[in-house]
K.L.:
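Got a structure here, written out as structure tokens. Questions coming.
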Protein chains: 2
Amino acid sequence: MNTTDILKSHDIKKTPGRIAIVKALQESELPLSENEIKIQMEEMYDRITFYRNMQVLASAGIVHKIVIDNTIIKYGLSCCGQEHRHQNEHAHFYCEKCHSVVCLKEVRIPDYQLPSGYKLFDSDIIIKGACEKCSH
Amino acid sequence: MNTTDILKSHDIKKTPGRIAIVKALQESELPLSENEIKIQMEEMYDRITFYRNMQVLASAGIVHKIVIDNTIIKYGLSCCGQEHRHQNEHAHFYCEKCHSVVCLKEVRIPDYQLPSGYKLFDSDIIIKGACEKCSH
DNA sequence: ATTGCAAGTGAAACAATGTTGCAAATATAG
DNA sequence: CTATATTTGCAACATTGTTTCACTTGCAAT
Ligand SMILES: [Mn+2]
Ligand SMILES: [Mn+2]
Ligand SMILES: [Zn+2]
Ligand SMILES: [Zn+2]
């Protein structure tokens, strides 16, 4: 699916900033930070517009925000067409050496046994360690 | 274990600010935010000292920082005497209605199957939903 | 009890991340 | 092409966290 079709299929206006964000994520193997996306966008980047567009893209389910801790945040492209929050769920890996983030699509989120009366909406799993390149 | 013994057993100097933080957490069933602790500390609270003391208490394993997302952060008292990061590990529950956080000590962290070559150090699990009081 | 000093404190200044209000610009439907 | 609802970008603000540095304090040795 090409960049502009992704936006069109979600009824989101096709603007240069949004196209640039989605393109940057499509061209990357891994989720990217704001700064990494900013570099791809060059002089087109505007902080305020970026945050607003990220919110639009995230609530449409086009991207997912990955919060490692309160200072390290990455954005990953979701498999499109799946906008419900329970779909497309998976764990994320954070390499404490090279600071890369990997979507672990094969690591599914288990059905946790919650105390009685509790209702589950969603879960976030961050697995920290060393990636293949960094674990020698 | 009383408040000052906790500090002494970790070789951490017993200062009014640290005692107040630990006391606030001991008197609470649930993990607390900075602001909730600040209220307990009254005029003794100082932002810079708070952050520095929290870092000391966290790296000693006396408290653990719970990052729900980049704006919601809580601090929970750890079972003391266990300072290694792999001990005392458990999932955390965040109620999206009343914004409370609960340590789910009974929800153990499973052994995730990582891709080959990856090394695991630590994991954070945040389960979001509605708590017992809020799920009717 | 007094003293010495390493450790801790708090003010000021800075940095990163994110939000809101508003006027100007623009994407898209008709 | 035009109308209009949406989007943009600036200014200003809010929150969270860090660094530097002079001053104070906890605590252990005397
Ligand atoms: Mn992902
Ligand atoms: Mn906990
Ligand atoms: Zn790595
Ligand atoms: Zn609740």
Side-chain angles (χ1 to χ4, degrees), chain A residues 2-24 31-39 41-60 62-75 94 99 101 126, chain B residues 2-24 31-39 41-60 62-75 94 99 101 126:
Chain A
N2 72 45
T3 314
T4 67
D5 286 346
I6 290 174
L7 296 174
K8 206 188 289 181
S9 70
H10 285 271
D11 265 312
I12 288 172
K13 279 194 184 168
K14 191 182 99 181
T15 65
R18 291 171 183 175
I19 293 166
I21 290 172
V22 174
K23 215 164 231 163
L32 300 176
S33 66
E34 175 178 353
N35 198 52
E36 289 163 338
I37 296 169
K38 171 185 173 178
I39 290 164
M41 293 175 77
E42 292 173 24
E43 71 289 333
M44 172 199 289
Y45 167 85
D46 171 81
R47 247 165 46 77
I48 293 99
T49 305
F50 176 87
Y51 286 122
R52 275 192 288 225
N53 281 336
M54 266 309 178
Q55 224 164 268
V56 168
L57 295 172
S59 59
I62 295 169
V63 305
H64 55 286
K65 187 174 175 177
I66 306 157
V67 180
I68 300 302
D69 65 37
N70 42 323
T71 59
I72 302 171
I73 289 147
K74 299 261 184 169
Y75 301 92
Y94 173 67
H99 311 289
V101 170
I126 306 294
Chain B
N2 71 45
T3 313
T4 68
D5 286 347
I6 290 175
L7 296 175
K8 205 187 289 181
S9 70
H10 286 270
D11 264 312
I12 289 173
K13 278 195 184 168
K14 190 181 98 181
T15 66
R18 292 171 184 176
I19 293 167
I21 290 172
V22 174
K23 214 164 233 162
L32 301 176
S33 66
E34 174 178 353
N35 197 54
E36 289 163 338
I37 296 170
K38 172 185 174 178
I39 290 164
M41 293 176 76
E42 293 172 22
E43 72 288 333
M44 171 199 290
Y45 167 86
D46 171 81
R47 245 164 49 75
I48 293 100
T49 305
F50 177 87
Y51 287 122
R52 274 192 290 225
N53 280 336
M54 266 308 179
Q55 225 164 268
V56 168
L57 295 172
S59 59
I62 296 170
V63 305
H64 55 284
K65 186 173 174 177
I66 306 157
V67 179
I68 300 302
D69 66 38
N70 42 324
T71 58
I72 302 171
I73 290 146
K74 299 262 184 169
Y75 301 92
Y94 172 66
H99 311 289
V101 170
I126 305 293

K.L.:
Could you go through B:T3 and B:D5, starting from their C-alpha distance and side-chain angles, then the distance that decides it, and tell me whether this counts as side chain to side chain donor-acceptor pair (under 3.5 Å)?
P.N.:
CA-CA 6 Å; B:T3 313; B:D5 286 347; over 6 Å; no

K.L.:
Distance alone, cut at 3.5 Å: any donor-acceptor contact between the side chains of A:Y75 and A:H64?
P.N.:
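No.
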
K.L.:
Decide side chain to side chain donor-acceptor pair (under 3.5 Å) for B:N35 and B:S33; before the verdict, give the C-alpha distance in whole Å, the side-chain angles of both, and the deciding distance to 0.1 Å.
P.N.:
CA-CA 5 Å; B:N35 197 54; B:S33 66; 5.6 Å; no

K.L.:
CD1/B:I6 to NZ/B:K23 distance, rounded to the nearest 0.5 angstrom?
P.N.:
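The CD1 atom of B:I6 sits 11.0 Å away from the NZ atom of B:K23.
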
K.L.:
Roughly, in whole Å, what's the span from NZ in A:K38 to C1' in C:dT17?
P.N.:
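Value for this atom pair: 12 Å.
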
K.L.:
Which pairs, protein N/O on one side and nucleotides 3-10 of chain D N/O on the other, fall under 3.5 Å?
P.N.:
residue, atom, partner, partner atom, Å
D:dT6, O4', A:K13, NZ, 3.1
D:dT7, OP1, A:R18, NH1, 2.9
D:dT7, OP1, A:R18, NH2, 3.2
D:dT7, O5', A:R18, NH2, 3.4
D:dT8, OP1, A:T15, OG1, 2.7
D:dT8, OP1, A:N53, ND2, 3.4
D:dT8, OP2, A:N53, OD1, 3.0
D:dT8, OP2, A:N53, ND2, 3.4
D:dG9, OP2, A:T49, OG1, 3.1
D:dG9, N7, A:R52, NH2, 2.5
D:dG9, O6, A:R52, NH1, 3.2
D:dG9, O6, A:R52, NH2, 2.9

K.L.:
Of all heavy-atom pairs between B:K65 and A:N70, which one has the smallest distance, and what is that distance?
P.N.:
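Nearest pair, atom of B:K65 first, then A:N70: NZ-OD1, 3.7 Å.
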
K.L.:
For B:E43 and C:dG10, what is the distance between atoms CD and C1' respectively, to the nearest whole Å?
P.N.:
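Between C1' of C:dG10 and CD of B:E43: 15 Å.
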
K.L.:
Identify the two heavy atoms, one from A:A20 and one from A:M41, that lie closest to each other, and give their separation to 0.1 Å.
P.N.:
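So the minimum-distance heavy-atom pair works out to CB-CG, 3.9 Å.
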
K.L.:
Grab the CD-P distance between B:Q55 and C:dT9 for me, whole Å please.
P.N.:
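Result: 13 Å.
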
K.L.:
When rounded to the nearest 0.5 angstrom, what is the spacing between OH in A:Y45 and NZ in A:K38?
P.N.:
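Answer for the OH-NZ pair, A:Y45 versus A:K38, is 5.0 Å.
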
K.L.:
Take the protein atom NZ of A:K74 and the nucleotide atom P of C:dA16, then report the distance between them rounded to whole Å.
P.N.:
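These atoms are roughly 17 Å apart.
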
K.L.:
Whole-Å distance between C:dT19 C1' and A:M54 CE?
P.N.:
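Atom CE in A:M54 sits about 17 Å away from atom C1' in C:dT19.
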
K.L.:
To the nearest angstrom, how far is A:K8 atom NZ from C:dA29 atom P?
P.N.:
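Roughly 9 Å, once rounded to whole Å.
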
K.L.:
Under a 4.0 Å threshold between the charged nitrogen and the carboxylate oxygen, would B:E34 count as salt-bridged to B:K74?
P.N.:
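Salt bridge absent between B:K74 and B:E34.
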
K.L.:
Can you measure B:N70 atom CG to D:dA14 atom C1' for me and round it to whole angstrom units?
P.N.:
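These atoms are roughly 14 Å apart.
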
K.L.:
Have a look at the helix from C:dA1-D:dT30 to C:dG30-D:dC1 and give the angle its two end axes make, five pairs each, rounded to 10 degrees.
P.N.:
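Result, rounded to 10 degrees: 40°.
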
K.L.:
Nearest whole Å is fine: how far is C:dA16 P from A:D69 CG?
P.N.:
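Between P of C:dA16 and CG of A:D69: 16 Å.
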
K.L.:
Determine the minimum heavy-atom distance between A:P31 and A:V101, stating which atoms define it.
P.N.:
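Taking every non-hydrogen atom into account, CD-O, 3.2 Å.
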
K.L.:
On DNA chain C, check which nucleotide each of B:R47 and A:K14 is closest to and give me the residue with the more 5' one.
P.N.:
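Mapping each residue to its closest nucleotide by heavy atoms, the 5'-most match is B:R47.
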
